[in-house]
Amino acid sequence: MGRAAAKTANIREIARRAGVSIASVSRALNDKPGISEALRERILTISRDVEYQPSAAARQLISGKAAVVGISLGRRDFELRPYYILLYQHLTVALHRQGMVPIFFAHDRTATLPEQAGAAILLGEFADDPRPELMASHGVPCVRIGLAGEGFSVAPEDRHGIYLATRHLIEGGRHRIAFVGDDLQSPHSQHRLNGYRQALDEAGLEPALIDIPPNLDPALTGYRWLSRRLEQQPHVYDGLVCENDELARGCLTALQDHGLSVPDEVAVTGFDDLPSLAESLTTVRQDIAGIAEMSVELLGEALAGKPPRHVSMPVELVVRETG
């Protein structure tokens with residue numbers, strides 16, 4: 001491989017070429033005992049041939065739990081919804097590229113994570129989250145995907161995304177715009193809600209909130225809660241800014257069942273741009289694969305002892321048929 005084409009080589013590729021296990025490669029690269037000197041030299045020769053440049057995460061790969069990254073869900077375990085499933089898939093791919101092994105931990109199993117994993121990625125947001133402190137007390141480097149705070153974290157530009165969606169509806173002539181969200185008093189909703197409020201304030205419009213309780217099925221619950229409003233006042237809204245695509249799909253069905261035309265009478269926007277759910281939906285696209293890759297990059301920095309930082313990932317408004 002020439003220098004111009006040289007890239008960070010996957011530790012698995014070295015193992016494949018040498019015909020040995022990943023653990024043996026790790027022992028050679030990290031000058032650990034357990035293999036013969038002849039095998040160590042052969043592995044090192046192959047690593048030089050492919051111009052291997054171990055990342056911080058890969059350097060941690062020795063054996064046992066040091067190779068394992070625990071992926072922890074938040075308190076609401078039912079958040080294994082399409083967004084989290086897609087994020088988990090991308091995290092798995094990004095971690096495998098670094099020779100790391102992801103293991104999923106439901107919230108009620110979080111206490112066992114430090115016993116089984118050498119690092120952690122924390123999903124889900126809620127007030128007084130004890131997980132970062134738990135990881136720190138056991139010396140487990142971790143990255144949070146969500147709101148900025150102490151330690152390493154990455155999140156989409158939630159506030160800006162909802163601001164763009166709300167401003168888009170206002171510029172389209174909508175003046176009775178409601179925000180449809182899940183547990184709007186919780187920290188995880190505040191950034192998106194504040195983007196909605198900012199756009200309304202700039203336009204001199206009054207906010208209207210449809211606060212849906214945490215639930216197993218956002219689409220169904222969004223449908224039910226909006227239906228109740230429409231039964232009382234069918235034409236109370238001319239725009240709906242939804243916290244995610246699932247809520248938007250439920251709202252679209254409710255509007256259809258009440259004989260309201262979308263987007264002529266009511267425009268609807270979502271957030272995430274999830275496959276299949278957002279086919280015709282005007283929504284805010286976030287780069288889920290990019291968030292996963294950045295999370296693994298930050299985890300490498302955490303393992304290397306670098307100063308913590310938060311990374312905001314850009315989003316974009318995607319205009320389709322609903323608004």
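Here, residue 1 is the first one in the sequence, and each next residue gets the next number.
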For this session: Can you see which heavy atom on Tyr237 is nearest to which on Val266, and at what distance?
Result: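 Here Tyr237 and Val266 meet closest at O-CG2, 3.4 Å.
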Exercise. Of the options His310, Arg309, Arg144, which is the one that meets Ser153 in a side-chain hydrogen bond (donor to acceptor under 3.5 Å, both in side chains)?
Worked result: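 Among the candidates, only His310 passes.
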Exercise. Atom CZ of Arg167 and atom CD1 of Ile177: how far apart are they, to the nearest 0.5 Å?
Worked result: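 Reported value, rounded in 0.5 Å steps: 12.5 Å.
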Exercise. In Å, rounded to the nearest 0.5 Å, how long is the span from CD1 of Ile162 to OG1 of Thr269?
Worked result: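 The OG1 atom of Thr269 is 6.0 Å from CD1 of Ile162, to the nearest 0.5 Å.
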Between [X] (side chain only) and [Y] (backbone N and O only), is there a donor and an acceptor less than 3.5 Å apart?
X: Gln190; Y: Leu184; answer: yes
X: Thr282; Y: Gly323; answer: yes
X: His168; Y: Leu164; answer: no

Is any NZ, NE, NH1 or NH2 atom of the basic residue among [X] and [Y] found under 4.0 Å from an Asp or Glu carboxylate oxygen of the other?
X: Arg176; Y: Glu206; value: no
X: Arg228; Y: Glu231; value: no
X: Arg320; Y: Asp273; value: yes

For this session: Count the heavy atoms of every other residue, nucleotide or ligand shown that sit under 6.0 Å from CD of Gln256, and state whether that count exceeds 12.
Result: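 No, because the 6.0 Å sphere around CD of Gln256 holds 12 heavy atoms or fewer from other groups.
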Exercise. So does Glu133 have more than 12 non-hydrogen atoms from other groups sitting under 6.0 Å from CD?
Worked result: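 No.
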Problem set entry | Side-chain heavy-atom pair Thr283, Leu277 within 4.5 angstrom cut-off |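 In short, these two side chains do not touch, never coming nearer than 4.5 Å.
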Exercise. Can you find a heavy atom in the side chain of Ile291 that is under 4.5 Å from one in the side chain of Leu87?
Worked result: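 They are in contact (side-chain heavy atoms under 4.5 Å apart), so the answer is yes.
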Exercise. Between Tyr196 and Glu243, do the side chains contain an N or O donor and an N or O acceptor separated by less than 3.5 Å?
Worked result: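 On atom types as modelled, these side chains do not qualify, holding no pair under 3.5 Å.
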For this session: Examine Arg192 relative to Phe271 and say whether NZ or CZ is less than 6.0 Å from the centre of the six-membered ring and inside a 45° cone about the ring axis.
Result: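 Verdict for Phe271: a cation-pi partner in Arg192.
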